[in-house]
Amino acid sequence: MSFNETIFGDYCAGAENATDPGVIALCQVYNLASDGGAAAGELSDGVNTFFLLFSGALVFLMQAGFAMLCAGSVRQKNVKNIMLKNLLDACGGAIGFYTIGYAFAYADNASDSKTFIGNKNFLLLSFEGSGGDWIGWFFQFAFAATAATIVAGTVAERCQMAAYLAYSLFLTGFVYPVVVHSIWSGDGWITAFRDDPWQGVGVVDFAGSGVVHMTGGATALVAAIILGPRKGRFYDEDGNPLETPHNFAPHSVALQVLGTFILWFGWFGFNPGSALAIDNSGSAETAALCAVTTTLAAACGCVSAMFTDTMIEKSSTGEVSYDLTMAMNGALGGLVGITAGCSVVTPWAACIIGIIAGWVYIGFSKFLIKMKIDDAVDAIPVHFANGMWGVIAVGLFAEPDLMAIAGYNDFPGIFYGGKGELLLCNFVSIVWICAWVFFLMTPFFVVLNVMGMFRVDPLEEEVGLDISHHRGAAYDMSGAKKEDVEELMEVRASKHGKVEVPKEVANAAEETTA
């Protein structure tokens with residue numbers, strides 16, 4: 001006989017008429033926990049709904065992180081524009097995913113057959129009204145919005161607003177949902193969530209290194225190539241290549257760091273929340289492990305990227321410096337890299353994944369510069385390159401016991417004696433995502449470009465999109481008028497005798513007048 005039955009059961013049976021609030025609460029909890037009927041089920045549903053609500057809110061908060069990071073990375077004259085685009089990403093993502101995106105992403109699986117695209121719940125009209133349905137949509141919407149906002153930083157300072165809105169709706173309404181359906185839906189053709197997955201295991205991408213980050217990063221790559229670099233980045237005014245590419249300094253390092261920390265914080269909803277439940281020991285263990293591996297990969301990616309860049313500089317120039325941008329993007333690269341395998345790798349493997357993610361970021365960033373592809377915030381190396389690395393890493397480091405706990409077939413990675421089935425499945429997912437995104441987004445952006453809807457006018461780009469498109473600069477840098485300062489000093493002098501105007505005040509007044 002169990003401990004609960006012999007101790008708590010007997011105790012609560014004899015305490016039916018108890019008046020002590022503590023005893024009443026204890027016995028109510030015990031009755032709910034021991035009841036295998038409706039009450040226990042309702043409690044379980046409520047716990048899981050709250051878990052996804054909280055996790056989804058953290059993922060949605062990442063929109064603020066992207067906004068701060070992008071705003072800090074661009075020049076002062078384009079802050080309003082990039083902030084508005086990040087805001088509209090959330091709006092466009094909600095509308096696109098509500099109308100058709102969710103329906104394309106998830107089907108009802110009634111036929112138990114593999115399908116290419118979902119076909120149910122357009123406008124959520126087929127929802128049965130349960131809390132699980134509603135919160136499931138909310139959590140998945142937050143992921144869709146994340147995929148869309150990845151592109152914002154890449155095309156910053158030169159992309160038209162109309163083109164940005166069109167792409168955001170197209171990505172969240174069709175391109176991204178098809179990728180989701182293939183890998184995360186029970187009907188997907190390479191999903192792991194079937195009784196008969198491909199190669200016996202299917203694609204293991206727990207929280208979306210490939211599904212979310214590669215999809216957004218691949219879209220950003222196509223957009224950057226077709227849109228072209230910012231004026232003065234790789235070419236002079238006559239179109240001649242610059243000997244050294246020009247770096248546009250970020251206007252606010254403080255906003256960059258704030259954005260990085262918000263994103264890191266939001267990732268604790270992104271990865272642990274992908275357990276989708278918390279009411280049983282297996283799901284709780286998976287979510288807890290995700291929190292640990294996410295933390296370690298981010299930390300190792302940060303240190304790896306920064307100190308590797310420092311060593312490269314030391315070997316080439318003899319000088320030593322520590323680049324904050326490398327540290328921030330290295331951390332984000334580590335977060336992207338661990339997202340696919342956060343539930344199926346051990347902490348030591350998470351450290352290795354993070355370290356390599358830092359190197360992947362540096363290498364792909366330098367490759368883009370060599371190819372004269374302008375990414376204003378280095379989103380492509382962080383999300384696309386490290387998204388690929390994260391998917392591959394699962395095929396190398398997946399631990400079979402953790403795979404089983406996370407809900408997958410217990411196929412091990414290469415380093416645990418695997419024969420390569422898992423690595424093959426995940427490699428196929430990389431090829432599939434690249435092919436699908438490039439096939440759709442290339443003609444989409446080409447048509448926008450041909451129609452003159454993609455890039456802003458050169459003069460508008462030079463002046464800045466805040467003034468040319470958003471009714472003025474983001475910051476009011478005007479000071480007091482010189483005559484007002486002189487009048488104030490005269491008033492003070494009449495009361496206290498001669499008063500000298502402070503040099504800083506005088507200079508500020510003169511600059512304002514000028």
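Numbering of residues begins at 1 and proceeds along the displayed sequence. Since we're looking at a predicted model, the values are computed, not measured.
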In this structure, CG of Asn271 is separated from CG of Leu58 (nearest 0.5 Å) by 11.5 Å
Does the side-chain contact (heavy atoms from CB on, under 4.5 Å) test come out yes or no for Phe174 and Phe104, once each step is laid out? CA-CA 7 Å; Phe174 183 65; Phe104 288 153; 3.9 Å; yes
Report yes or no: does Glu421 contribute a side-chain atom to a donor-acceptor pair with the main-chain N or O of Val201 at less than 3.5 Å? no
Over 12 foreign heavy atoms within 6.0 Å of CZ, Phe122: yes
Start with the C-alpha gap between Ile183 and Thr191, add the side-chain angles, then the distance that decides, and say whether side-chain contact (heavy atoms from CB on, under 4.5 Å) holds. CA-CA 4 Å; Ile183 297 175; Thr191 185; 5.7 Å; no
Identify each donor-acceptor pair in which a side-chain atom of residues 213-221 lies under 3.5 Å from a protein atom, sequence neighbours left out, and give them as a table.
residue, atom, partner, partner atom, Å
His213, ND1, His383, ND1, 3.0
Thr215, OG1, Val211, O, 2.7
Thr219, OG1, Thr215, O, 2.9

May I ask you to check whether over 12 heavy atoms, not counting those of Phe261, lie within 6.0 Å of atom CZ? no
Answer yes if the ring centres of Phe364 and Phe367 are under 6.0 angstrom apart, and no otherwise. yes
Tell me, with the steps shown, if Phe268 and Phe265 meet ring-ring contact (aromatic ring centres under 6.0 Å, His included). CA-CA 6 Å; Phe268 292 120; Phe265 181 71; 7.0 Å; no
Backbone N or O of Val204 within a donor-acceptor pair of the Asn426 side chain at under 3.5 Å? yes
Mutual orientation of the aromatic rings belonging to Phe397 and Trp348 [parallel < 30°, tilted 30-60°, perpendicular > 60°]: perpendicular
Geometric class of the Phe143/Phe139 ring pair [parallel <30°, tilted 30-60°, perpendicular >60°]: tilted
I'd like to know if the side chain of Ser209 and the backbone of Ala340 have a donor-acceptor N/O pair within less than 3.5 Å. yes
Parallel, tilted or perpendicular: rings of Tyr106 and Tyr102 (30°, 60°): tilted
As a test of understanding, state which of Asn119, Asp187, Thr115 forms a side chain to side chain donor-acceptor pair (under 3.5 Å) with His181. Thr115
Please work out which of the three classes, parallel, tilted or perpendicular, describes the rings of Trp137 and Phe97, given edges at 30° and 60°. tilted
Anything under 30° is parallel, anything over 60° is perpendicular, the rest tilted; go ahead and classify Phe50 against Phe54. parallel
Please tabulate, for side-chain N and O atoms in residues 432-444, each donor-acceptor pair with protein atoms closer than 3.5 Å (sequence neighbours left out).
residue, atom, partner, partner atom, Å
Trp432, NE1, Ser182, OG, 2.9
Trp436, NE1, Val175, O, 3.0
Thr442, OG1, Phe438, O, 2.7

